[in-house]
Amino acid sequence: MAKVKQDDVLHRIREKYQTLSKGQKRLADYIQNHYEKAVYLTAARMGELVGVSESTVVRFAGELGYDGYPGMQRAMEETIRTRLTALQRMEVSSANIDDEHLVQSVLQGDILNIRETMTLVDDGAFQQAVETIMNAKRIYVLGVRSSAPLASYLGYYLNLFFGNVHLGLTNSISETFEQILKIGPEDCMIGISFPRYSKRTVKAMEYAKARGAAVVAVTDNDQSPIAANADTVLKAYSSMESFVDSLVGPMSLMNALIIAVTRQRQEEVQENLTALESIWKEYDVYEKTDEDTFGKLLS
């Protein structure tokens, strides 16, 4: 028997199907045919739709090797994250967002994404990533498509404090390799990708690893294709409930990474910020505020 991938519900169903009871087979058929909807159903609701009891649904989860229905539900979500098309994700979001309280629904979902990210953070891996960045001769940051804003955000702040940051935002895979052509053993690459994963980022990280660079992956789980070539994996939760990717979890992780790195070089950061403030003022970078009023507020 082929080895079952531990987090792949559909694979487990195929492996176990012939040994399931009649009611469990109906559940298996429903999940295989409607996996994009099944993931959001309670055990009671799924049982109602399929025509079996809630206890049958719970036993079905145990038969597949999960510790109860919530465990199977989490695994279903991981299974379908890379399977849903943009259209399917839009259909799912339509069914799960309350139109009468749309803003509250979306913000509540983002709050949950940050909470999920907190459970995924590995302090050891995080500290290793910080040390990798601090020790690198050159820092390459790569993120494309929906991950491009994350890469831009991280690259922007790192570039304020380090003179060795290369941000990879390109339109083709050939341009990506042109930008990372000289990466080597003294350098590090930070690759960022969430479902649906970018092939360009995967290939670039393979190249960086082959060149001996230290590779940091920022993604959603250890089975992510960009994690395969990473020395360090930083995980953040990215919601799949909408065709618009929720980036609040990864963005919070980027914030923590930036703060951790700058705290390692506080004196240098303060010097850079002082110099930048002078430049911004001299070249009129920012809109001027009422300095007198602001000063009175501070006094």
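What you find for Ala208 and Met189 is that their closest heavy atoms are CB-SD, 3.8 Å. The two residues Val144 and Ser198 make their nearest non-hydrogen contact at CG2-OG, 3.0 Å. When every heavy atom of Ala217 is checked against every heavy atom of Ala227, the shortest pair comes out as CB-CA, 4.2 Å. Nearest heavy atoms, Glu54 versus Ala44: OE1-CB, 3.7 Å. The two atoms that bring Ser252 and Ile114 nearest to each other are OG-CD1, 3.9 Å, heavy atoms only. Contact detail for Ala204 and Leu142: the closest heavy-atom pair is CB-CD2, 3.3 Å.
In the displayed structure, Met134 atom CE is contacted under 6.0 Å by more than 12 heavy atoms of other residues, nucleotides or ligands. For OH of Tyr30, the number of neighbouring non-hydrogen atoms (other residues, nucleotides, ligands) closer than 6.0 Å is greater than 12. Remark: Lys209 NZ is packed, more than 12 non-hydrogen atoms of other residues, nucleotides or ligands lying under 6.0 Å away. Around the CG atom of Asp67, the shell of radius 6.0 Å holds no more than 12 heavy atoms that belong to other residues, nucleotides or ligands.
Leu234 CG to Leu120 CG: the interatomic distance, rounded to the nearest 0.5 Å, is 11.0 Å. We find the CG-CG distance between Leu247 and Asp110 to be 9.0 Å, quoted to the nearest 0.5 Å. Going from atom CG of Asp284 over to atom OH of Tyr286 covers 12.0 Å, rounded to the nearest 0.5 Å. Interatomic distance, Tyr17 OH to Leu64 CG, rounded to the nearest 0.5 Å: 12.5 Å. The CG atom of Asn272 lies 12.0 Å from the CD atom of Glu277; values are rounded to the nearest 0.5 Å. Here the straight-line distance linking atom CG of Leu10 with atom CD of Gln32 works out to 6.5 Å at 0.5 Å rounding.
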Starting from the C-alpha separation in whole Å, work towards a yes-or-no answer on salt bridge (charged side-chain N to carboxylate O under 4.0 Å, His left out) for Lys235 and Asp222.
-> CA-CA 8 Å; Lys235 290 173 285 189; Asp222 290 319; 3.1 Å; yes
Step-by-step side-chain contact (heavy atoms from CB on, under 4.5 Å) determination, Ile279 to Val285 = CA-CA 8 Å; Ile279 293 171; Val285 173; 5.6 Å; no
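In this structure, Val202 is a member of the same hydrophobic cluster as Val215, with clusters built from ILVMFWY side-chain heavy atoms closer than 4.5 Å. The hydrophobic clustering, which links ILVMFWY residues whose side-chain heavy atoms are closer than 4.5 Å, places Val121 and Met118 apart.
For the pair Leu49/Met46, no side-chain contact is recorded, criterion being any heavy-atom separation below 4.5 Å from C-beta on. Contact annotation: the side chain of Thr119 never approaches that of Tyr237 to less than 4.5 Å [non-hydrogen atoms, C-beta and beyond]. The closest side-chain heavy-atom distance from Val9 to Arg12 is not below 4.5 Å. The shortest side-chain heavy-atom distance between Val57 and Val52 falls under the 4.5 Å cut-off. Looking only at side-chain heavy atoms (C-beta outward), Ile190 and Val218 come within less than 4.5 Å of each other. Within the 4.5 Å cutoff, the side chain of Ser224 has heavy atoms near those of the Tyr197 side chain. At least one side-chain heavy atom of Leu181 sits under 4.5 Å from a side-chain heavy atom of Tyr207. Considering only heavy atoms from C-beta on, Tyr156 stays 4.5 Å or farther from Val141 through its side chain.
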Kindly list each side-chain donor-acceptor pair under 3.5 angstrom involving residues 124-133, sequence neighbours excluded, with atom names and distances?
unit_1 : atom_1 : unit_2 : atom_2 : d
Gln128 : NE2    : Thr232 : OG1    : 3.0
Thr132 : OG1    : Gln128 : O      : 2.9

Can you list, pair by pair, the side-chain donor-acceptor contacts under 3.5 Å of residues 253-264, counting residues two or more places apart and other chains?
unit_1 : atom_1 : unit_2 : atom_2 : d
Asn255 : OD1    : Tyr153 : OH     : 2.5
Thr262 : OG1    : Ile258 : O      : 3.0
Thr262 : OG1    : Ile259 : O      : 3.0

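Sequence neighbours left out, the pairs with a member in residues 137-150 that pass salt bridge (Lys or Arg N to Asp or Glu O under 4.0 Å) are Lys137-Glu186, Arg138-Asp187.
The backbone N or O of Thr176 lies less than 3.5 Å from no partner atom in the side chain of Arg200, so there is not a single donor-acceptor pair. The backbone N or O of Leu41 sits less than 3.5 Å from a side-chain atom of Gln73, completing a donor-acceptor pair. Looking at Asp220, its side chain never comes within 3.5 Å of a backbone N or O of Pro195 through a donor-acceptor pair. Distance alone, capped at 3.5 Å, is enough to place a donor-acceptor pair between the Thr219 side chain and the Ser193 backbone.
His166 and Tyr140 have parallel rings, their planes meeting at less than 30° on a 0 to 90° scale where 60° marks the start of perpendicular.
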